[in-house]
Amino acid sequence: MSAASADGQDATSEGSIVTRAQRGRPVGASGEETRQRIIVATMRCVATAGYARATIREIARTANVTSASLYNYFPDKSELMKAAVAARTDVALPRLRQAAARPGNAIARLEALLDESGRLMREYPDLAAFEWVIRAESAIAVDATAPGGFQAFREIIEGIVVDAFREGGLDGRAERRSATEAVYALIYGLTELAA
């Protein structure tokens, strides 16, 4: 949180002083860097306060931009949320797919998938909580068939399971859908715990 003083300065929660002239795009930063900073701030605010309480003003403050600057990038909160949801997909899915495609048996590939999930959560600590909030609060309409989120994660797991059946790594008596759902439920539960 910041508090404005009479001399036009804001005291941030970290205790540093930022003049209004310093808020916004830092010298030398591109518009895309500022846009990404706003998206990361959105994830953080939604993850900590919930969708309804994550205001444009608070998101702008967290991103160290003015609300007016934020509106230069996103016309409203709905568009900002869509961009944040798309960004979480753009960040996570390529890395998860690459981990799942590594050589080895199903166990090695699932371990690689879990390891990469752990790395993502360490690098983007608000990602799991953000995902949880947008689902729990039904904050935005997320198309269940769209390539992203947990549906895409389920498809990655299903690919590993299908390959394991084809290669003989799973007993032919096991049912593919059940195996996929069991692994998915485990990973989903771990993600919920992280959130």
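These numbers come from a predicted model, not from an experiment.
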Between F74 and K82, is there a cation-pi geometry (under 6.0 Å to ring centre, at most 45° from the normal)?
no
Side chains of E155 and Y184, heavy atoms from C-beta outward: is any pair under 4.5 Å?
no
As a quick check of understanding, evaluate side chain to side chain contact (heavy atoms under 4.5 Å, CB included) for I156 and L93, giving each step before the final call.
CA-CA 9 Å; I156 292 169; L93 283 183; 4.1 Å; yes
Test item: T180 and V162 side chains (from C-beta on) under 4.5 Å apart, heavy atoms:
no
For Q98, does the CD atom have more than 12 heavy-atom neighbours from other residues, nucleotides or ligands under 6.0 Å away?
no
Side chain to side chain contact (heavy atoms under 4.5 Å, CB included) between Y124 and V91, intermediate numbers included
CA-CA 9 Å; Y124 301 93; V91 165; 3.4 Å; yes
For residues I39 and A84, report the shortest heavy-atom separation together with the two atoms involved.
CG2-CA, 3.8 Å
If I compare all heavy atoms of F165 with all of E175, which pair ends up nearest, and what's the gap?
CZ-C, 4.0 Å
Are the side chains of E181 and R154 in contact, using a 4.5 Å heavy-atom criterion?
yes
With rounding to the nearest 0.5 angstrom, report the OG1 to CG distance, T34 to N72.
10.5 Å
Approximate separation, where rounding is to 0.5 Å, of R109 CZ and D163 CG:
4.5 Å
Could you tell me which non-hydrogen atom of A54 sits nearest to which non-hydrogen atom of A49, and how far apart they are?
N-CB, 4.4 Å
Kindly confirm or rule out a cation-pi arrangement of R35 over Y73, judged by NZ or CZ under 6.0 Å from the six-membered ring centre and within 45° of its axis?
no
Side-chain heavy-atom pair Y71, I56 within 4.5 angstrom cut-off
yes
Residue among M121, M43, R122, R44 satisfying side-chain contact (heavy atoms from CB on, under 4.5 Å) with L127:
M43
Looking at R95 and E123, is any side-chain nitrogen of the basic one under 4.0 Å from a carboxylate oxygen of the acidic one?
yes
Between the side chains of E58 and R53, is the shortest nitrogen-to-carboxylate-oxygen separation below 4.0 Å, so that they form an ion pair?
no
Taking all heavy atoms of L70 and all of I38, pick out the closest pair and write down the distance.
CD1-CG2, 3.8 Å
If I compare all heavy atoms of S67 with all of R57, which pair ends up nearest, and what's the gap?
OG-CA, 3.6 Å
